Amino acid sequence: QVQLVESGGGLVQAGDSLRLSCAVSGRAFDNHLMGWFRQAPGEERDFVAALGCCGGRTQYADSVKGRFSISTDIAKNTVFLQMNSLKSEDTAVYYCAAGFLRLAGNRSREYDYWGQGTQVTVSS
């Protein structure tokens, strides 16, 4: 079992930066695919970024390429999502997710565990 707790959300202005954190506990997270998804009001949950386990690849949604970056601090059991040049359309609840022994994944069904989410609001 893996527990995920997101933090770092908030209200920012367009053009600002924000870093989300996902604290991971339970099973070792370096054998999990780690991803970020987001869900805006009235919309489906969308893929944002992922870092595959075990030498797997990094993936980004086209809408965030060049602006967002996913990284990990294994010593702190934490996954980060650095978000730069934020836009109003980035406003959403952001979720951290983990998928056991997956090298890549941009679909919700490829993830086994989910956090509760953290709200990011970008004012224009």
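Because the structure is predicted, anything quoted here is derived from the model rather than measured. Basis for what follows: all heavy atoms, side chains included, without hydrogens, waters or symmetry-related copies.
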Using a 3.5 Å cut-off and no angle test, enumerate the donor-acceptor pairs between side-chain atoms of residues 78-86 and protein atoms at least two apart in sequence or in another chain.
from	atom 1	to	atom 2	distance (Å)
T78	OG1	K76	O	2.8
Q82	NE2	N84	OD1	2.9
N84	OD1	S17	OG	2.9

Can you pull the disulfide bond (SG atoms under 2.5 Å apart) pairs that have at least one residue in residues 85-124, sequence neighbours excluded?
->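 Residue pairs passing disulfide bond (SG atoms under 2.5 Å apart), neighbours aside: C22-C96.
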
Pairs flagged by disulfide bond (SG atoms under 2.5 Å apart) wherever residues 23-61 is involved - sequence neighbours left out =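 Every pair satisfying disulfide bond (SG atoms under 2.5 Å apart) with a residue in residues 23-61: there are none.
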
Listed partners of [X] passing salt bridge (charged side-chain N to carboxylate O under 4.0 Å, His left out), at least two apart:
{"X": "R67", "result": "D90"}
{"X": "D73", "result": "none"}
{"X": "K87", "result": "none"}

Enter the distance from [X]:[atom1] to [Y]:[atom2] here, rounded to the nearest 0.5 Å.
{"X": "W36", "Y": "Y95", "atom1": "CH2", "atom2": "OH", "answer": "12.0 Å"}
{"X": "Q39", "Y": "S108", "atom1": "CD", "atom2": "OG", "answer": "8.5 Å"}
{"X": "L20", "Y": "E6", "atom1": "CG", "atom2": "CD", "answer": "8.5 Å"}
{"X": "L51", "Y": "H32", "atom1": "CG", "atom2": "NE2", "answer": "13.5 Å"}
{"X": "Q116", "Y": "Q3", "atom1": "CD", "atom2": "CD", "answer": "11.5 Å"}

If two hydrophobic side chains count as joined below 4.5 Å and joins carry through other members, does V2 share a cluster with I74?
->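 V2 clusters together with I74.
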
Give a yes or no on whether Y113 and V93 share a hydrophobic cluster (residues Ile, Leu, Val, Met, Phe, Trp, Tyr; joining criterion: side-chain heavy atoms under 4.5 Å apart).
->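 Different clusters: Y113 never reaches V93 through Ile, Leu, Val, Met, Phe, Trp or Tyr contacts under 4.5 Å.
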
Taking only residues two or more places apart in sequence, or in another chain, which ones meet [X] in a side chain to side chain contact (heavy atoms under 4.5 Å, CB included)?
{"X": "S63", "value": "R38, A61"}
{"X": "R57", "value": "Q59, A104"}
{"X": "D16", "value": "V12, Q13"}

Which residues share a ring pair (Phe, Tyr, Trp, His ring centres under 6.0 Å) with F37, sequence neighbours left out =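 For F37 the ring pair (Phe, Tyr, Trp, His ring centres under 6.0 Å) partners, ignoring immediate neighbours, are F47, Y111, W114.
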
Give a yes or no answer on whether the side chain of [X] reaches the backbone of [Y] with a donor-acceptor pair at less than 3.5 Å.
{"X": "D112", "Y": "F100", "answer": "yes"}
{"X": "T91", "Y": "V122", "answer": "yes"}
{"X": "Y60", "Y": "I70", "answer": "yes"}

Heavy atoms, side chains only, cut-off 4.5 Å: are L33 and L103 in contact?
->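 L33 does not reach L103 side chain to side chain.
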
Using the side-chain hydrogen bond (donor to acceptor under 3.5 Å, both in side chains) rule, collect all pairs that involve residues 41-50, keeping only residues at least two apart or in two chains.
->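 Counting only pairs at least two positions apart or across chains, no side-chain hydrogen bond (donor to acceptor under 3.5 Å, both in side chains) contact touches residues 41-50.
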
Which residues pass the side-chain hydrogen bond (donor to acceptor under 3.5 Å, both in side chains) test with T121, sequence neighbours left out?
->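 Applying side-chain hydrogen bond (donor to acceptor under 3.5 Å, both in side chains) to T121 gives Q119.
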
Minimum heavy-atom distance A40-A92, with the two atoms named |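 Between these two residues, the closest heavy atoms are N-CB, 3.8 Å.
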
Taking all non-hydrogen atoms of both residues into account, name the closest pair between A14 and S124 and its distance.
->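 Taking every non-hydrogen atom into account, CB-CA, 4.2 Å.
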
